[in-house]
Amino acid sequence: MSLGLLNILKRNNYISDEKYNLVLNAYEFDMQGMRDEASSVISYLFDFDVISPQNLAKILSEIYGYPVFDLSVYDTHYYVTGFASEEDLYDYRVLPIFKRGNTLFLAVSDPTLESAYRKLFFNSGLTLEYVLVEDDILSSVFDIVRRESTSMFEELQKDEIFNPVKMMNDDGTSEDGPIAKFINKIIYDAVTSRASDIHFEFYEYYARIRFRMDGVLKEIVQPPLVTKDKIASRIKVMSKLDISEKRIPQDGSMKLKINRKKTIDFRVSTLPTLFGEKIVIRILDNTVGFIELKDLGMSEHEQNVLLEAIHRPYGMILVTGPTGSGKTVTLYNCLNILNTPEVNISTVEDPVEINLPGANQVSMNEKQGLDFARALRSFLRQDPDIIMVGEIRDLETADIALKASQTGHLVFSTLHTNSAPASLTRLTNMGVQAFNVSSSVLLIIAQRLVRKLCPDCKKPIKRMPEEILYKLKFTAEDLKGDWKIYGPVGCKSCKGTGYKGRVGIFEVMPVSEKIQKAILAGKGESDLLDIALDEGMVTLRRSGLEKVKQGITSLDEVTSITN
């Protein structure tokens with residue numbers, strides 16, 4: 001039990017002996033047999049009209065030196081979550097209202113419970129600072145917080161707030177329950193925000209949903225933690241997964257009709273974690289794949305090199321980069337250029353992400369034995385002109401793809417390497433013969449995506465000293481030019497991030513005769529890079545710096561992506 005507050009008031013002569021004994025007896029009677037150190041005597045002070053909440057806050061401020069904070073003007077949407085459950089906050093009469101650096105500011109009405117607060121927030125690792133608030137206003141704020149959490153789904157049940165057309169499952173059915181409506185709204189918001197992924201995450205004290213937009217995760221909402229099982233089950237039903245299985249990861253897919261004209265595929269992945277299943281929904285919007293090559297971010301010279309290579313009758317073209325670097329979009333823009341009634345195009349992916357009418361597209365299905373190598377063998381019996389393999393992962397797939405490129409087929413594929421020259425050494429390290437690599441590969445493109453500065457709020461920033469700019473790979477010729485470096489600001493148009501959309505930076509390396517000879521001679525990545533640079537190849541860093549000079553992106557963005 002905690003009588004600290006009552007004793008402090010008595011010791012400082014703020015209450016009479018009569019009132020002290022009245023509160024003490026009532027409190028001890030109610031607390032018989034209980035061991036809860038967080039049970040404050042504060043409500044008894046108000047019940048017996050000993051002191052008002054306003055006067056209590058002022059008195060405690062004088063005694064403890066903590067400032068008094070007017071909680072009535074505080075926006076409850078901004079209270080700090082993640083360190084304690086709503087139930088504990090209510091029981092302990094404490095509200096985390098602000099976090100700055102390693103300090104967490106707590107609004108309390110009874111500072112004598114400081115040891116209980118330290119125990120409650122011990123795992124946060126943060127320094128605690130206190131402000132005093134009036135207890136009746138604190139109660140009102142708790143009521144608002146609880147009401148906001150519990151009413152979220154009730155409001156969704158009342159209103160068609162996401163769009164006038166119900167989202168339909170691929171079997172033509174729809175759901176009208178609050179959880180179904182909530183998930184539909186999240187998915188619809190993600191699609192309209194041009195997000196690439198939706199993350200549903202569940203922790204010990206809170207849940208959150210985040211969108212990946214322009215390559216960066218952003219928290220969208222924190223649904224009530226008690227709904228986590230219902231959310232997970234609903235998504236599993238939609239993606240035809242086993243709702244009873246929570247111990248192992250599962251992968252599924254679903255198709256939803258967003259409006260009368262638009263249907264989108266989604267890939268779903270579940271992962272058992274300490275406090276529930278994390279679910280990630282990948283948005284496969286196959287209507288956003290085709291744009292002009294120049295809009296991808298390629299220079300005019302790089303476009304010409306690529307166009308010359310893709311119009312060759314046979315050979316292999318590789319696009320390399322990490323997951324999420326835009327490789328698939330680049331490949332499909334090439335295929336779209338070549339997609340005419342005179343050619344037979346076949347693709348195999350894991351899964352198909354962009355729909356290309358006129359192409360024969362196959363989704364890999366390893367459970368049924370359909371992998372990249374088996375699909376490739378089948379393609380070669382289907383009289384193809386152009387083949388696209390989603391990724392070269394092993395020697396078998398690499399061998400079949402390279403042999404196809406040597407026998408009259410134009411083959412496109414991807415690798416996971418850091419640079420264009422590294423792709424050549426990666427193939428030989430897989431076990432592919434050097435002469436097969438040198439005679440087959442026509443062109444390698446390494447790429448990354450950088451965020452574009454918001455055109456509505458970007459502003460010029462002061463240039464760094466020249467010695468630093470030289471280290472970042474700017475040239476002396478660059479520094480003579482009359483151009484400005486721009487930085488992000490943040491506005492309503494870009495939702496405060498300072499960035500809006502993404503653009504590619506590229507390393508386009510044709511496999512020239514000199515590079516072919518170097519491959520046959522067993523030269524390493526650095527030697528191949530030197531030859532490519534001598535022949536005019538632009539590195540990823542250099543490509544990014546050109547975007548900086550043009551005011552398209554920031555220097556921080558380029559250096560972080562190409563570090």
Side-chain angles (χ1 to χ4, degrees), residues 75 77-78 81 148-170 173-202 206-225 227-228 230-239 252-270 277-289 324 353 451-452 454 456 490-502:
D75 186 343
H77 289 95
Y78 296 107
T81 60
E148 285 173 347
S149 295
T150 56
S151 68
M152 179 187 298
F153 300 119
E154 294 173 1
E155 291 301 314
L156 286 167
Q157 194 169 18
K158 292 175 185 175
D159 302 311
E160 289 285 351
I161 63 176
F162 50 93
N163 77 325
V165 181
K166 287 185 179 180
M167 291 172 61
M168 308 293 289
N169 302 322
D170 57 359
T173 62
S174 66
E175 293 286 343
D176 291 325
I179 295 291
K181 282 192 174 186
F182 174 70
I183 292 171
N184 282 353
K185 172 172 169 49
I186 291 296
I187 292 173
Y188 181 80
D189 286 349
V191 171
T192 55
S193 300
R194 300 182 71 85
S196 60
D197 303 88
I198 310 169
H199 291 244
F200 296 82
E201 298 165 314
F202 306 104
Y206 74 110
R208 68 178 176 185
I209 298 171
R210 296 189 289 173
F211 292 172
R212 187 176 292 281
M213 297 184 291
D214 294 334
V216 178
L217 283 169
K218 180 180 181 182
E219 185 173 305
I220 302 302
V221 68
Q222 290 191 2
L225 189 58
T227 63
K228 67 178 182 180
K230 293 180 180 179
I231 288 174
S233 295
R234 174 59 190 159
I235 295 173
K236 284 182 176 181
V237 168
M238 294 170 72
S239 51
S253 62
M254 58 185 175
K255 186 190 295 283
L256 291 176
K257 187 175 182 180
I258 301 298
N259 55 41
R260 291 183 180 90
K261 296 181 179 179
K262 190 170 187 177
T263 300
I264 292 181
D265 293 312
F266 302 85
R267 186 168 59 192
V268 179
S269 172
T270 71
E277 290 178 283
K278 173 173 180 176
I279 300 173
V280 176
I281 299 178
R282 182 77 184 272
I283 301 170
L284 308 177
D285 189 349
N286 55 32
T287 63
V288 299
E353 295 189 19
R451 290 180 294 169
K452 295 194 293 184
C454 174
D456 296 325
C491 65
K492 186 179 292 186
S493 176
C494 60
K495 295 181 172 60
T497 65
Y499 295 93
K500 194 173 182 181
R502 289 192 290 176

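Counting from 1, the numbers follow the sequence of the chain as shown. Keep in mind that this is a model prediction, so the values were computed, not measured.
Contacts of R267 classified as side-chain contact (heavy atoms from CB on, under 4.5 Å), with partners at least two apart in sequence or in another chain: R282, L284, P351, E353. Partners of K452 under the salt bridge (charged side-chain N to carboxylate O under 4.0 Å, His left out) rule, at least two apart in sequence or in another chain, do not exist in this structure. With sequence neighbours left out, S196 forms a side-chain hydrogen bond (donor to acceptor under 3.5 Å, both in side chains) with no residue at all. Residues passing the salt bridge (charged side-chain N to carboxylate O under 4.0 Å, His left out) test with K228: none are found, sequence neighbours excluded. The side-chain contact (heavy atoms from CB on, under 4.5 Å) test applied to V237 returns R234, I243, not counting sequence neighbours. In terms of the salt bridge (charged side-chain N to carboxylate O under 4.0 Å, His left out) criterion, R502 has no residue partners (sequence neighbours excluded).
If you check the side chains of S493 and K500, you find a donor sitting under 3.5 Å from an acceptor.
Atom NZ of K278 sits in a crowded spot, with more than 12 heavy atoms from other residues, nucleotides or ligands closer than 6.0 Å.
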Could you check H199 against I281 for side-chain contact (heavy atoms from CB on, under 4.5 Å), going step by step and ending with a plain yes or no?
CA-CA 7 Å; H199 291 244; I281 299 178; over 6 Å; no
Working note: I209 + F182, criterion side-chain contact (heavy atoms from CB on, under 4.5 Å); need CA distance, chi angles, decisive distance, verdict.
CA-CA 12 Å; I209 298 171; F182 174 70; 3.6 Å; yes
Could you go step by step and tell me if E219 and R210 meet the salt bridge (Lys or Arg N to Asp or Glu O under 4.0 Å) rule?
CA-CA 4 Å; E219 185 173 305; R210 296 189 289 173; over 6 Å; no
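In this structure a side-chain-to-backbone donor-acceptor pair under 3.5 Å is missing from D197 to R212. The backbone N or O of A195 lies less than 3.5 Å from no partner atom in the side chain of S193, so there is not a single donor-acceptor pair. Within the 3.5 Å criterion, the main-chain N or O of C494 finds a donor-acceptor partner in the side chain of T497.
Using a 4.5 Å cut-off on side-chain heavy atoms (C-beta onward), S233 and I231 make no contact. With contacts defined as side-chain heavy-atom distances shorter than 4.5 Å, the pair I186/I198 qualifies.
I235 CD1 to K230 NZ: the interatomic distance, rounded to the nearest 0.5 Å, is 14.5 Å. Here D214 contributes atom CG and C454 contributes atom SG; the two are 10.5 Å apart, rounded to the nearest 0.5 Å.
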